[in-house]
Amino acid sequence: MTLRIDRVRVWLALLLGAMPFVTAGPALLAEEKSDSTETDAWRQDRERMVQRQIVRRGVEDERVLKAMRAAPRHHFVPEPRRRFAYDDRPLPIGYGQTISQPFIVAYMTEAIEPRSDFRVLEIGAGSGYQAAVLAEIVSEVYTIEIVRPLAEWAKERLAAADYGNVVVKHGDGYHGWSDHAPFDAIVVTAAAPHIPPPLIDQLRDGGRMIIPVGSPHLTQQLVMVEKDGEDVRTRNLMPVRFVPLTRTDE
Ligand code: SAH
């Protein structure tokens, strides 16, 4: 009996002794992957994300797929969650906010039918990732973020990744950004109780806006808004859950 316990002890000691060697490989990989710079490992994760989460669910626009392959999502996800950057889900980015699920980012980008000459307004810069995806395709992106430290994070991350065609502003996006209006498209990434009239005003004739509408704690509808002169058409695309559009002046 004692012999058996001793044997177990010996095996246990050997196993524990060997541990550092066994884990050296994966530990190094995790360290490499926790860095925000681009590596082959991140590129592979991203390619897998595009195939499994985006192409398989029906996103077809080549410009959008190319943008999703190019924009370094991990660069916009703060630690300690960076290693999950290419998972099929939203992730917390601090201040009670989230970076949207990759599929939703691709879906919303495809829905506005972006073109290279577009000027796009985003409400809710958050991590800066959706702005980066848009900036891969269109010529100018203006994005507004109500949480100051997030606005600073997005600005710094976008600059560090050389997205020179994105301008980030801290403020309440409900009012849009009239200095740069009209916009060819508007992407709202926080759920509003109703479609903000200033955003409709700042949409160009023939432009498209995509916006989650509904109550913060229930399922919302992702709504497509198409402006045709005085005529504003809306259509529900799918049920979604976004963080709420908050207001500074309420
Ligand atoms: N597009 C972001 C998603 C962020 S979640 C990304 O790619 O990471 C939505 C963001 O909208 C949050 O950061 C939240 O702070 C911001 N937000 C909420 N209400 C807002 C408002 N009225 N104006 C501007 N930003 C707002």
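Ligands are counted one by one from 1 in listed order, and the atoms in each one are counted from 1 as well. Side chains included, hydrogens not; waters and symmetry mates left out as well; all remaining heavy atoms used.
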**OP:** With Arg89 as the cation and Phe84 as the aromatic partner, state whether NZ or CZ is under 6.0 Å from the six-membered ring centre and within 45° of the axis.
**Re:** yes
List, pair by pair, the atoms of ligand 1 and of the protein that are both N or O and lie under 3.5 Å apart, giving the separation rounded to 0.1 Å.
{"from": "ligand 1", "atom 1": "1 (N)", "to": "Glu122", "atom 2": "OE2", "distance (Å)": "2.7"}
{"from": "ligand 1", "atom 1": "1 (N)", "to": "Gly124", "atom 2": "O", "distance (Å)": "2.9"}
{"from": "ligand 1", "atom 1": "1 (N)", "to": "Thr189", "atom 2": "OG1", "distance (Å)": "3.1"}
{"from": "ligand 1", "atom 1": "7 (O)", "to": "Gln130", "atom 2": "N", "distance (Å)": "3.0"}
{"from": "ligand 1", "atom 1": "8 (O)", "to": "Ser127", "atom 2": "N", "distance (Å)": "3.1"}
{"from": "ligand 1", "atom 1": "8 (O)", "to": "Ser127", "atom 2": "OG", "distance (Å)": "2.6"}
{"from": "ligand 1", "atom 1": "13 (O)", "to": "Glu145", "atom 2": "OE1", "distance (Å)": "2.8"}
{"from": "ligand 1", "atom 1": "13 (O)", "to": "Glu145", "atom 2": "OE2", "distance (Å)": "3.4"}
{"from": "ligand 1", "atom 1": "15 (O)", "to": "Glu145", "atom 2": "OE2", "distance (Å)": "2.6"}
{"from": "ligand 1", "atom 1": "19 (N)", "to": "Thr246", "atom 2": "N", "distance (Å)": "2.9"}
{"from": "ligand 1", "atom 1": "19 (N)", "to": "Thr246", "atom 2": "OG1", "distance (Å)": "3.3"}
{"from": "ligand 1", "atom 1": "22 (N)", "to": "Asp172", "atom 2": "OD1", "distance (Å)": "2.8"}
{"from": "ligand 1", "atom 1": "22 (N)", "to": "Thr246", "atom 2": "O", "distance (Å)": "2.6"}
{"from": "ligand 1", "atom 1": "23 (N)", "to": "Gly173", "atom 2": "N", "distance (Å)": "2.7"}
{"from": "ligand 1", "atom 1": "25 (N)", "to": "Ile146", "atom 2": "N", "distance (Å)": "3.2"}

**OP:** Inspect the contact between Lys169 and Asp179 and indicate whether a charged nitrogen and a carboxylate oxygen are less than 4.0 angstrom apart.
**Re:** no
Original post:
Has Arg57 got its NZ or CZ under 6.0 Å from the middle of the six-membered ring of Tyr107, at an angle within 45 degrees of the ring axis?
Top reply: no
Original post:
Can Glu136 and Arg69 be counted as an ion pair, charged N to O under 4.0 angstrom?
Top reply: no
Subject >> Any side-chain donor near an acceptor of the partner, Tyr86 and Arg46, under 3.5 Å >> reply: yes
Subject >> Glu145 with Lys155: basic N within carboxylate O range, under 4.0 Å >> reply: no
